[in-house]
Structure formats: structure tokens, C-alpha cells
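Report on one structure; see the data block that follows.
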2 protein chains.
Amino acid sequence: MSPRTQAARTEATTGQLLAAARELFGRDGFAATSIDAVAAAGGVTKGAAYHHFATKGALFRAVFVGEQDRVTAELLRTTAQEPDPFAALRRGCRTFLELCLEPAFRQIVLLDGPAVLGWQEVRAIQSERALRVLADGMRVAAALAGEPGVDVTARAHLAFGALCEAGMLLARADDPDAALHALLAEAERLVGAMARP
Amino acid sequence: MSPRTQAARTEATTGQLLAAARELFGRDGFAATSIDAVAAAGGVTKGAAYHHFATKGALFRAVFVGEQDRVTAELLRTTAQEPDPFAALRRGCRTFLELCLEPAFRQIVLLDGPAVLGWQEVRAIQSERALRVLADGMRVAAALAGEPGVDVTARAHLAFGALCEAGMLLARADDPDAALHALLAEAERLVGAMARP
DNA sequence: CACTCTTGCATACTCGGAGTATGTATTGTC
DNA sequence: GACAATACATACTCCGAGTATGCAAGAGTG
């Protein structure tokens, strides 16, 4: 190997580990995935994993945050093109549900996340990410609908919970495409209703 | 001990185990609870536990089903007194959120359930219980609102997801009573909106 | 009411996986 | 170039899920 800087080594190793962890956690779930397996899949040993991540939960947390960042970026990207706040909310629903079509995303974000990290931790992570985007969107929409300055955090949470459930429901549908349309309609209805006074 | 019938012995032992399991799973979570601990708390040994429950997951499943039955019974009891379908739906929201005030209920039903049993299994269990009550209520309400025969399963799921999220949100509120009122208002709004065309 | 057969349960294991201790090589600093 | 710090590997410990086996106490049959 060519000599590299420490930062580069760390970057490379954690990158391998995170990629492998996202793969295995996403496919087999947190409980059924061992650190050894992740390390092996990442081309390193358990020692390396424990050098960079204090615990198995910490590794999972990093993967979880990565997924959250992905959703947030997607949400910001797709909704930015919608000038109308309500249209942006609907577009956000669609983006989120489309992400839920990935089994790994569902497993990590919707199933294991809360159980492994605790709800409080998950909430803290999401508050600055997807939930923030949703709440911001609802605030703008509420202002447009003639109810400015209202506190939308609770509404955003409820709507988010509904979206997560829709995502899981979508997963096991016989015809995902048809289900996506039906659930999307319901979700848009719901979010729209929540965003108005 | 006085000589007893086999059925009575089984009944007693599984009862002890389920009570202890509900206590420990509810307090420490599934992962942090060992079968040994449950058995000890129930006054028996691991052997007894594994005689009646094939696996740790099976024991958890039994506890989970017990909680689901509890919710369902409570929902049926409290909503039965409401003559108006919409009032019954609102009452159901209140009942559910009040149950969510119990930490053990949240831990078992909302946090660990999906991760341990898988979403599909959880859905199957709930479909004949709480979700059924909610869907039935929404069907009646939809019929009253002039949209009879509509398929409300998707809506019921979304509303249920929102309620679960509200339950978790309620848990960490500084003032649970005030939060209960605020969230209840939002939840009733949401369920009401979902139940109408 | 003997005699088996089955069921309920305890004790004694195996084994895999999370976390730790320690050694070694590589990089960064003076 | 010596010393420190960091990145990583190897070799453990230990706990807990699941298994094997043994035994005792109902339950069916003559």
C-alpha cells in the first residue's frame, strides 16, 4: 500500500465499515448481524471496528444518521423545484415513500432504529433532518393558508408517523406501484389536512 | 404444593412467566432482558421457560399479543358508550394515548414489537385487534359522512401510525397532561379528517 | 391400583457473539 | 532519528440463547 495520511486511513476504513454495515444491517437486521461479519465484509477485523466505533450500537447509529442525511438531501432536492408549498409537501411524501421501497432503508430507519437507539435518540437525530424539512414545509403552508405562527411540531410528528406506516404498508403490497399511488393519495390527503387550519 | 392437574400447572407457570416477562421486557427492553432473568422473576428456571416457549421471541410474542388484547378490550369498552361514530373515534384516540402513558406499553408495543417480530407479524396480530376496531369505526363514520363502502384499511393504517407517534411524543413531554390534551386535539383532527371524504 | 406413557420442569452443558486487553505496525512531531 | 500517538490485528473473557438429558409428577390402561 502506498503511504497515506492517518485521516485518509481512517476515512477509508470507516467508509468500508459503514458501507458493509449498511448492507448487512439493512438485509439481516441489527440483531442478526455480528460485528465480525461487518468487519469481514468491510475487509478489516473486529479490532478496527471497535477502534472507530465504541459499540455495535454506535456503528448502527452512524449508519442510521447516514440514511437520515440521505432522506433529507433527497427531500430538499425534490421539493426545491415545487413553488407551491402544498405541492412541495405532496412531493415530499412521494420522495419519502419511494425511499421506503428500499428494504434496507425500511429495516434500518423504520424497524431497527427506534428499538436500537431509543425513540428519544431517533427523534433528536430526525429533528434536525427529515422532520425539520417537513415541519418547515408545514409552517410555510400554514402561513399561506392564513394561520401563520402556529406551532406545527406536533402535527409534523403525527404526519411523519403516518408516512412511516405508509412506507411499511407499501413494502408488502402485491403491486408496489399501485400501492404507491393509493397510499400516496391518502398520505397527501392527510398531510394536506394537517397543514391547513 | 397440593397436587394439581397438568393444565393447572401449565396455566400457573406460563402465567408467572408472562407476568415477569411483561415486567422486564417493558422496563428494560427486549434486548437487555435475558430468559434467565425472566424465569427467575417468575419463580422457575430457564428449562420451564423453554418448555412452554420455543424461543425468546415466542415469549415476547405472547406478551405482545397480551398487550394488544388489552388495548382492544379497552377500546371496545370505552367506545361502546359513544353513540356518535365520530365521537367514538375521538374516544378511541384518547384511550390509546392514555395507554401510551405506560412506559411498559410503549416499550413493548411501539418500540420493540416491530423490530423483534417483524412488521408483517405485528400487522397480522393488530389486524384482528386494535386496527380492526379503528377500521370498523372509520367505516361506520365514512358511511355516515356519505361515503359508504369505501376501503378504509389504508387510512386506518396511516391514522394508526400517527397515533403511535403521538404516543411516543407524549411520553417525553415535560407536562404529560398538557401534552395529552394538545396531542389529543391533533390526533382527533387527523382521525376526523381521515374518516371523512 | 400397579405399570407405563406422557408432560412439566430442573440441571448441565454447547456455542456464538459482544466487548476487552494487549501487541504491533504505521504515521506524525520535535 | 527518537518518542509519542494513532490505526489496526490477535487473543482473550464472559454472558446469554439455545440444547441435551435426567427426573418427578399427573394421566391413560389393564
Side-chain angles (χ1 to χ4, degrees), chain A residues 1-64 108 112 115-118, chain B residues 1-64 108 112 115-118:
Chain A
M1 283 294 161
S2 57
R4 295 179 301 185
T5 176
Q6 296 279 62
R9 286 178 75 186
T10 296
E11 167 97 17
T13 303
T14 56
Q16 306 269 99
L17 281 171
L18 286 175
R22 132 101 200 180
E23 169 83 17
L24 296 185
F25 284 152
R27 201 187 52 197
D28 305 329
F30 178 80
T33 302
S34 74
I35 293 276
D36 277 296
V38 171
V44 293
T45 64
K46 188 158 61 165
Y50 274 100
H51 180 71
H52 293 288
F53 301 96
T55 173
K56 188 184 175 187
L59 175 56
F60 179 85
R61 188 187 191 281
V63 172
F64 182 85
I108 294 168
D112 280 335
V116 172
L117 304 174
Chain B
M1 283 293 162
S2 57
R4 296 177 301 184
T5 177
Q6 297 279 64
R9 286 179 75 186
T10 297
E11 166 97 17
T13 304
T14 55
Q16 306 270 98
L17 280 171
L18 286 175
R22 132 100 200 180
E23 169 83 17
L24 296 185
F25 284 152
R27 201 187 52 197
D28 305 330
F30 178 80
T33 302
S34 73
I35 292 278
D36 278 296
V38 171
V44 291
T45 65
K46 187 158 63 165
Y50 274 100
H51 180 72
H52 293 289
F53 301 96
T55 173
K56 189 185 175 187
L59 176 56
F60 179 85
R61 187 186 191 283
V63 172
F64 183 86
I108 294 169
D112 280 335
V116 172
L117 303 174

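Naming convention: chains lettered A, B, ... in sequence-line order (proteins, then strands); numbering from 1 in each chain. All figures in this text were calculated on a predicted structure; none of them were measured in a lab.
Scanning all heavy atoms of the two residues, the minimum distance from B:Val38 to B:Ala20 falls at O-CB, 3.5 Å. The two residues B:Ala115 and A:Asp112 come nearest to each other via the heavy atoms CB-OD1, 3.9 Å.
A donor-acceptor pair under 3.5 Å links the side-chain atoms of B:Ser34 to the main chain of B:Ala37, judged by distance alone. The closest donor-acceptor contact from the side chain of A:Thr13 to the backbone of A:Thr10 lies at 3.5 Å or more, if one exists at all.
For A:Phe64, the ring pair (Phe, Tyr, Trp, His ring centres under 6.0 Å) test picks out no residue, with sequence neighbours left out. By the ring pair (Phe, Tyr, Trp, His ring centres under 6.0 Å) test, A:Phe60 pairs with A:Phe25, A:Phe30, sequence neighbours left out.
Residue pairs that meet the salt bridge (Lys or Arg N to Asp or Glu O under 4.0 Å) test with at least one member in residues 31-55 of chain A, sequence neighbours left out, are A:Asp36-A:Lys46. Residue pairs that meet the salt bridge (Lys or Arg N to Asp or Glu O under 4.0 Å) test with at least one member in residues 21-30 of chain A, sequence neighbours left out, are A:Arg22-A:Glu67, A:Arg22-A:Glu102.
Atom C1' of nucleotide D:dG26 and atom CZ of B:Arg9 are separated by 7 Å, given to the nearest angstrom. Nucleotide D:dA25 holds its P atom 16 Å from the NE2 atom of B:His51, rounded to whole Å.
Among the nucleotides C:dA10, D:dA7, C:dG8, the one closest to any side-chain atom of B:Val44 is C:dA10. The listed nucleotides are D:dA9, D:dA27, D:dA7; the one nearest the side chain of A:Thr45 is D:dA9.
Contacts between residues 11-27 of chain B and DNA chain C, counted as heavy-atom distances below 4.0 Å, involve B:Thr13.
For the OP1/OP2 pair of D:dC8 and a distance below 4.0 Å, the side-chain nitrogens and oxygens of A:His52 include at least one atom meeting the criterion. Between B:Thr10 and the phosphate of C:dG8, there is a side-chain N or O to OP1/OP2 separation shorter than 4.0 Å.
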Take nucleotides 16-21 of chain C nucleotide by nucleotide from the 5' end and write B, S or -, depending on whether a protein heavy atom sits under 4.0 Å from the base, only from the sugar-phosphate, or from neither. -SBBB-
